[in-house]
Every structure is written in C-alpha cells, then in structure tokens.
Amino acid sequence: YHFDNKVVFWNSLYMNVTVFYKELAEKILNGLDEKKTRDAFVSLVGDEIMQMLENNHYICEEGEETFEVLNKYKTCSEIDIQTLVLLITNLCNFDCVYCQIEKNLAKENELCSMSREVADQALNYFNLNCSERKNKTVTITGGEPLLNWDVVSYIIEKVRKEFDSTTRIVIFTNGSLITKSIASFFKEYNVQVLVSLDGPEKIFNCVRLTKDGTDGFDQAIRGYNILVEEGCNVGISAVGGIHNVEKMDELKEFFSRLKPSSVGFNISHMLIDKDNPTYISSQQYAELLIELYEYLADKGIYLENISRSINSFVKKQPRLRECQAQGHGITVAPNGKYGPCKSLLVSDVFALDLKNNEKVCDQDIFKKWAKRNVATCSNCTNCPALTICGGGCGYDSYIKNNGNFQEIDNDICSYSKTILEYLLLSVANKAKVTESGFYELDSVKAEEIFRWFVNKENELQKSVGHE
C-alpha cells in the first residue's frame with residue numbers, strides 16, 4: 001500500500017504490518033521482482049531487513065508451505081455458545097420502515113409476547129449449552145421489550161441470581177416506555193441499555209413513527225434522558241441509511257451532545273419480501289463510519305461497528321465470522337422457537353422447538369452456521385481484508401443468494417477493503433520509521449493509535465452480538 005513517501009506491507013494471514021520509506025520499499029520490491037538468489041537479495045537489502053521480512057512472513061523460500069495458517073482458519077467452525085438473545089415480544093408501539101422483525105414476521109407466527117415459562121426454558125437451555133468461559137451476554141430485545149415488562153424484569157432478576165456475576169445483560173429499547181422506576185431498576189441490576197436513536201428530530205421522524213402515526217422522537221429522547229439522569233450506562237443504537245447518510249454534521253452534533261458510552265451505527269439490512277427504502281451501499285457505509293469514528297473517538301465515544309475490524313486488527317485476532325449466529329449464540333422467539341439468526345427465526349426460515357432438548361452442538365443447522373467462515377470462500381482467500389472482514393451478514397446473504405446463507409455477502413467486500421486501507425493509512429501517518437528504515441506495528445502501538453480513548457471497564461465499549 002503506497003501512501004505519499006511511505007509504503008506499508010500487510011500480511012493478511014499473519015496480520016503483520018510494517019511501514020517503510022518509499023525508497024527502501026522499492027528496493028525490496030524490485031529485488032523480489034528480479035527473482036534474485038537469497039544471497040544476492042541479502043546483499044541488496046542487508047541482514048536486518050531480510051530477517052524482518054522473513055519473521056513477518058512477507059517472503060519465504062520457494063516451496064515453503066505458506067498457507068498452513070490459512071488451512072487452520074478454514075477449519076474454524078467450533079460451536080462455543082456465549083450469547084443468548086431473547087426476543088421478549090414481537091409487538092411494538094413504533095412502526096419503523098426498516099424493521100427486520102415485524103416486516104419479516106412469518107404469517108403463521110402471530111404477534112405475541114414471551115411468557116415466564118418460555119423465558120425459563122430459554123435460560124435453562126442456554127445454561128445447558130453455553131461455554132464454561134466467563135463474560136457471557138444475555139441480550140433482551142424485541143419488538144419493544146418494555147411492552148412485556150413483567151417478563152423483562154423477571155429475566156433480569158433470574159440472571160443476576162443464577163448466573164455468573166460477569167454475565168453482561170444488554171437491553172435494546174426504543175426508549176418511549178422508560179420511566180424513572182424502570183431506569184432505577186436497570187441501574188440496580190447493572191443492565192446495559194441501548195436506545196434506538198437514528199439522529200435528531202427531523203432525521204428520526206422520517207423513519208421511526210409510532211403505530212398511531214405520530215412522531216416518536218420526543219418519547220425516545222425523554223426515555224434516554226431519564227436513563228442518564230438515573231445513572232444508567234447508556235448507548236445509542238442507530239441505523240444508517242438514506243435518511244441520515246448525507247447529514248453527517250447533524251449526526252455528529254447530536255451524538256456528541258448526548259454523550260453515550262457507545263454508538264452502534266448499523267447498516268440498514270435488506271428485507272425478505274420487500275424493498276428497504278433506507279438501504280445504502282456498503283461503500284457509502286464504510287466512508288460514513290470512518291468519518292464518524294474519527295469524530296467520536298475524540299469525544300471518547302465508542303463506535304461499535306468499525307471497532308469490530310479495528311479490534312481484530314489491533315489484537316491480531318482474525319475475524320473470520322461476522323456475528324453470534326455463527327456458532328456463538330442462541331436466539332429465542334416469544335413463541336418458544338429458537339435458532340441461530342434473529343431475522344431468519346421470526347420469518348420461520350430456521351426455527352426449532354425449544355421443547356427439543358437436543359444440544360446445540362449436535363444440531364445440523366447450528367453446525368452449518370458455525371461453518372460460515374470467510375476463509376472457506378475461494379473468492380476470499382487472496383483478499384487483503386480476509387482477516388478483518390467476517391464475511392458479512394448471513395441473513396443478507398440468504399436474501400441475495402437465493403436462500404444460501406453460507407455464501408459470503410459480496411457487498412461486504414468494498415466495505416472491508418475500504419476499512420483496511422483506512423487502518424493502514426492511519427498506521428503510516430503515525431509511524432516513526434527508525435534508522436533501520438522500517439517501523440513494525442505491534443499491539444501496544446496499535447492500541448495507542450486506534451483505541452487510546454476506550455474505557456475497557458465499560459461494558460458498552462465492547463461489541464454486542466459481534467464478539
């Protein structure tokens with residue numbers, strides 16, 4: 001990657017990054033193009049450069065096995081359940097134009113709310129299947145979950161009583177039904193709250209009206225403010241689409257004024273049987289996220305979406321799968337059905353009966369979702385963004401690939417490559433090339449460049465559902 005007077009080498013398999021001044025990089029590249037012998041190449045670049053190139057796997061002896069690590073990635077299909085997603089109700093008092101629940105709801109699935117009995121079954125099943133590791137997550141969502149407050153409060157109390165103290169509880173809400181007593185309850189039980197806010201009033205009311213057709217913004221922002229006043233840890237869950245993509249200055253001002261712990265700025269997904277009027281391209285989305293990330297980082301606000309790739313890049317931990325549906329989570333619907341993916345569960349595409357007590361690791365559908373891995377796609381193995389990508393959304397792939405969720409979502413390609421180039425440019429701009437002529441990025445340096453503002457103790461400055 002060439003950036004002005006610097007060149008960045010990036011090994012997409014081992015996730016190594018080295019920055020050179022242009023003159024030295026061109027000497028290395030020209031020497032490789034000339035296919036010199038090892039001795040001749042060492043004479044050209046010197047022993048120190050040669051050792052660095054080999055240690056970072058930028059070069060190897062002819063015939064040496066270079067793809068052993070790729071073959072290891074291809075076998076990454078373990079089922080390690082860490083997350084339970086509870087669709088407490090598919091009822092909602094809002095009528096958002098892009099909703100993946102009501103807009104995708106199968107005709108045979110009536111609008112309903114979860115009972116305590118189903119909640120008990122779901123929590124017991126999660127306990128039966130979850131990893132022995134700590135730091136599990138129980139996510140409560142809907143519909144609007146607070147329409148079923150009795151069961152929401154029951155679940156929260158039960159999790160805090162019966163689960164490990166490190167278990168994170170997260171609730172998504174439109175904010176309209178928040179009261180002081182509910183906010184106080186969330187504070188007492190250490191519940192992380194994400195409120196759906198796509199932007200200031202005019203942006204919000206373009207897409208998020210109430211069921212009776214009235215503007216929803218005043219109700220949502222009132223609930224957000226109550227949560228803040230009661231001392232809750234609050235983040236914002238927003239959808240990026242044509243309603244706000246061209247209004248970045250308004251979004252920046254809005255998010256910085258509210259000062260949430262985090263912002264999840266999610267791309268507007270496709271819908272199964274109809275068009276999504278807010279849909280934007282993944283390239284637009286990537287450019288928007290980069291601009292938003294740079295602004296929010298200076299305000300100490302965590303932008304969740306781009307941080308999935310950033311965290312992978314910083315920690316040198318390959319991101320081969322996109323979300324918890326791919327071997328890490330169970331989603332339970334109000335009617336007691338369950339499956340890997342929320343959107344394909346409510347549409348009854350992948351839905352099993354919770355009364356079936358068979359373990360997740362023994363079920364074909366969960367095995368197939370766990371095997372959805374970007375390294376297994378022949379079109380992806382030579383992609384420079386291979387290890388920060390995740391392969392995109394399985395639900396979107398299902399729609400775009402005629403029911404084949406295991407295919408990679410091709411729209412993710414331009415997004416991931418754009419994010420990667422931004423990361424490498426950021427490193428090049430910060431790199432202090434030494435007298436040896438190069439700068440090697442390690443996790444400590446990467447943390448200082450990209451995550452200097454992150455509060456690691458804040459449970460919302462971590463991914464929710466995309467760990």
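A quick note: this is a predicted structure, and the numbers were derived from the prediction, not measured. Side chains are part of it too, since the values below use all heavy atoms of this structure and drop only hydrogens, waters and symmetry mates.
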If the threshold is 4.0 Å, N to carboxylate O, is there a salt bridge linking [X] and [Y]?
X    : Y    : result
E448 : R451 : no
D409 : K400 : yes
K211 : E144 : no
E421 : K417 : no
E253 : R257 : yes
K462 : E459 : yes
R321 : E78  : yes
E291 : K252 : yes

_Run the side-chain hydrogen bond (donor to acceptor under 3.5 Å, both in side chains) test on S262 and Q461 for me, step by step, so that the C-alpha distance in whole Å, both residues' side-chain angles and the decisive distance to 0.1 Å come before the verdict._
CA-CA 6 Å; S262 65; Q461 295 203 345; over 6 Å; no
Within a 6.0 Å radius of atom [atom1] on [X], are there more than 12 heavy atoms belonging to other residues, nucleotides or ligands?
X    : atom1 : result
E246 : CD    : no
K259 : NZ    : no
D150 : CG    : yes
K158 : NZ    : yes
E117 : CD    : no
K445 : NZ    : yes

*Candidate pair N458 and Y302, rule side-chain hydrogen bond (donor to acceptor under 3.5 Å, both in side chains), full reasoning*: CA-CA 10 Å; N458 189 327; Y302 186 81; over 6 Å; no
[atom2] on [Y] to [atom1] on [X], rounded to 0.5 Å:
X    : Y    : atom1 : atom2 : result
N16  : D442 : CG    : CG    : 11.0 Å
I169 : Q192 : CD1   : CD    : 9.0 Å
K430 : F450 : NZ    : CZ    : 9.5 Å
L258 : Y224 : CG    : OH    : 5.0 Å
F366 : K368 : CZ    : NZ    : 13.0 Å
I236 : D198 : CD1   : CG    : 10.0 Å

_Please verify the inter-ring angle class for W369 with F350; under 30° counts as parallel, over 60° as perpendicular, anything in between as tilted._
perpendicular
_Does the plane of the ring in F204 sit parallel, tilted or perpendicular to the ring in F217? Use 30° and 60° as the thresholds._
perpendicular
Heavy-atom distance under 4.5 Å between the side chains of [X] and [Y], does that happen here?
X    : Y    : result
N93  : N174 : yes
V263 : F254 : no
Y338 : V118 : no
S343 : Y398 : no
F405 : V349 : no
R208 : Y98  : yes

Polar side-chain atom of [X] near backbone of [Y] as donor-acceptor pair, under 3.5 Å:
X    : Y    : value
R319 : C389 : yes
N129 : V360 : yes
N266 : A238 : yes

*Could you walk me through whether T387 and S12 pass side-chain hydrogen bond (donor to acceptor under 3.5 Å, both in side chains), step by step?*
CA-CA 6 Å; T387 43; S12 61; 5.6 Å; no
*When the ring centroid of Y295 is compared with that of F255, is the distance short of 6.0 Å?*
no
*Verify whether the ring centers belonging to F186 and W149 lie closer than 6.0 Å.*
yes
*Decide yes or no on side-chain hydrogen bond (donor to acceptor under 3.5 Å, both in side chains) for Q283 and T418, but give the supporting numbers first.*
CA-CA 8 Å; Q283 182 64 39; T418 300; 3.1 Å; yes
_Using the rule side chain to side chain contact (heavy atoms under 4.5 Å, CB included), only one of I310, I290, L289 pairs with L303; which is it?_
L289
